[in-house]
Amino acid sequence: MHKIITLDDHWMGRPRSIGTALLESHGHRAIVDPGPGSTLDTLRKELGAQGVSVNDLEAVLLTHIHLDHAGSSGALVRENPRLTVYVHKLGAPHMIDPSKLLASAARLWPDNLEQLFGEALPVPESNLRILEGGETITLGSRKIEVAYTPGHASHHISYFENVEGVAFVGDTTGIRIEGHPYVMPATPPPDIDLRLWDASFAAILERKPKRLFLTHFGFSENPVAHIAEFRERLRRWMETTEKILETAKSDQEAMDSFMATMRAEIGEHLPAKEVEQYVATAGLNLSFLGLARHARKRAQAAS
Ligand SMILES: [Zn+2]
């Protein structure tokens with residue numbers, strides 16, 4: 001009657017990199033974070049393995065609009081025009097017209113945007129259901145509560161389902177591949193905000209989820225310990241970035257120093273091939289750019 005299944009989108013051929021959750025309740029089906037356009041065929045196959053087609057879905061729940069989470073939404077709606085796409089109000093305009101989203105992504109990935117994320121088609125406004133947090137979505141007999149959880153992105157929301165107590169938190173609690181001990185920040189530009197992020201941790205914990213579901217990747221079984229570890233790591237990564245920026249002679253030197261420091265840290269917790277998996281999935285270089293931007297904003301505000 002009720003199911004939650006992890007679909008592996010095999011982004012860039014890598015297992016356990018981007019995951020889509022399939023929720024079922026009494027024959028009603030929704031997916032959380034369908035992934036980028038580049039993995040749409042894999043998503044179809046993964047759905048097929050569960051005996052489900054795109055036409056059997058009634059809703060797409062987006063945690064936020066970054067291409068690795070939401071890029072395939074427009075293509076899915078074109079295939080199944082009955083789909084409702086749930087999205088935060090700050091993200092909605094960019095689903096209707098993805099041109100700005102694509103232009104800013106092209107600045108971050110100038111060489112291989114298409115290869116990484118494929119096409120991002122617009123979602124017709126009539127298919128969108130625009131959220132702010134506080135809403136409840138019904139799927140069969142399952143109730144799904146929406147909470148606004150900015151920090152990673154200003155347009156980030158999380159979904160809390162009531163049957164199994166799973167919180168679908170997107171990137172709000174970082175990156176942790178199911179079964180591994182290490183949780184890693186993903187802090188890309190432009191709008192990471194550590195103060196808002198702290199309030200989002202509180203919003204998640206206050207709903208007492210039994211498990212977290214992370215887009216990168218899968219379930220995490222102890223939300224309280226997970227979030228405590230992640231919050232502390234985020235704070236230390238910020239401090240490390242500020243120190244590096246104080247001493248580095250150039251932006252490139254700062255980036256190199258950050259990458260080396262963090263690779264070494266991750267390597268203390270994980271085998272070498274898993275380090276590369278985390279670095280690639282999170283976009284460690286982008287995390288530096290996001291933290292550096294946040295550090296400079298904070299320094300400006302203080303002076
Ligand atoms: Zn992501």
Side-chain angles (χ1 to χ4, degrees), residues 6-12 14-21 31-40 42-43 60-73 85-88 90-91 94-95 98 101-102 104-109 112-113 115-118 120 149-159 167-178 180 182-193 196-197 200-201 204 212-220 226-227 230 233-234 237 262 266 276-291 294:
T6 308
L7 308 176
D8 190 334
D9 298 325
H10 280 86
W11 184 49
M12 302 302 283
R14 287 192 195 93
R16 300 175 304 144
S17 179
I18 297 177
T20 297
I31 52 176
V32 181
D33 286 353
S38 56
T39 57
L40 186 53
T42 311
L43 178 66
V60 172
L61 276 52
L62 300 177
T63 61
H64 63 302
I65 64 163
H66 288 164
L67 292 172
D68 56 326
H69 296 250
S72 64
S73 304
V85 177
Y86 292 86
V87 66
H88 186 258
L90 296 178
H94 305 288
M95 299 309 292
L101 181 67
L102 288 167
S104 69
R107 283 193 290 277
L108 297 177
W109 296 275
N112 54 354
L113 185 66
Q115 186 201 5
L116 288 169
F117 302 113
T149 54
H152 171 81
S154 62
H155 44 82
H156 201 301
I157 48 184
S158 296
Y159 299 96
F168 300 88
V169 293
D171 291 346
T172 306
T173 66
I175 288 177
R176 179 178 176 278
I177 295 168
E178 195 171 309
H180 285 305
Y182 184 76
V183 53
M184 172 172 169
T187 56
D191 49 20
I192 72 145
D193 186 313
L196 294 179
W197 213 324
S200 296
F201 295 141
I204 293 170
L212 305 174
F213 182 91
L214 282 58
T215 305
H216 319 286
F217 179 96
F219 288 100
S220 182
H226 178 115
I227 287 174
F230 180 61
R233 181 151 297 126
L234 195 55
W237 277 36
M262 294 318 177
I266 304 161
E276 285 321 302
Q277 169 83 346
Y278 271 73
V279 166
T281 298
L284 187 59
N285 56 330
L286 300 183
S287 283
F288 171 73
L289 296 177
L291 289 170
H294 187 54

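Just so you know, these numbers come straight off a predicted model, no measurement behind them. Atoms within each ligand, like the ligands themselves, are counted from 1 in listed order.
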Return yes if some donor-acceptor pair links the side-chain N/O of [X] with the main-chain N/O of [Y] below 3.5 Å, else return no.
X: S154; Y: P150; result: no
X: H66; Y: D68; result: no
X: R176; Y: H180; result: yes

Review point. Pick one: which of R16, E178, H69 meets side chain to side chain donor-acceptor pair (under 3.5 Å) with H216?
Key: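 Between H216 and the candidates, side chain to side chain donor-acceptor pair (under 3.5 Å) is satisfied uniquely by H69.
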Check your understanding: Given NE2 of H69 on one side and OD2 of D68 on the other, what angle do they make at the Zn ion (ligand 1), to 10°?
Key ->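 Between NE2 of H69 and OD2 of D68, at the Zn ion (ligand 1), the angle is about 100°.
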Review point. So what does the H216 NE2 - the Zn ion (ligand 1) - D171 OD2 angle come to, to 10°?
Key: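 Seen from the Zn ion (ligand 1), NE2 and OD2 are separated by roughly 110°.
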Check your understanding: Do any of the N, O or S atoms of H64 sit under 2.8 Å from the Zn ion (ligand 1)?
Key ->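 Here the distance criterion (N, O or S atom, under 2.8 Å) is not met by H64, so no.
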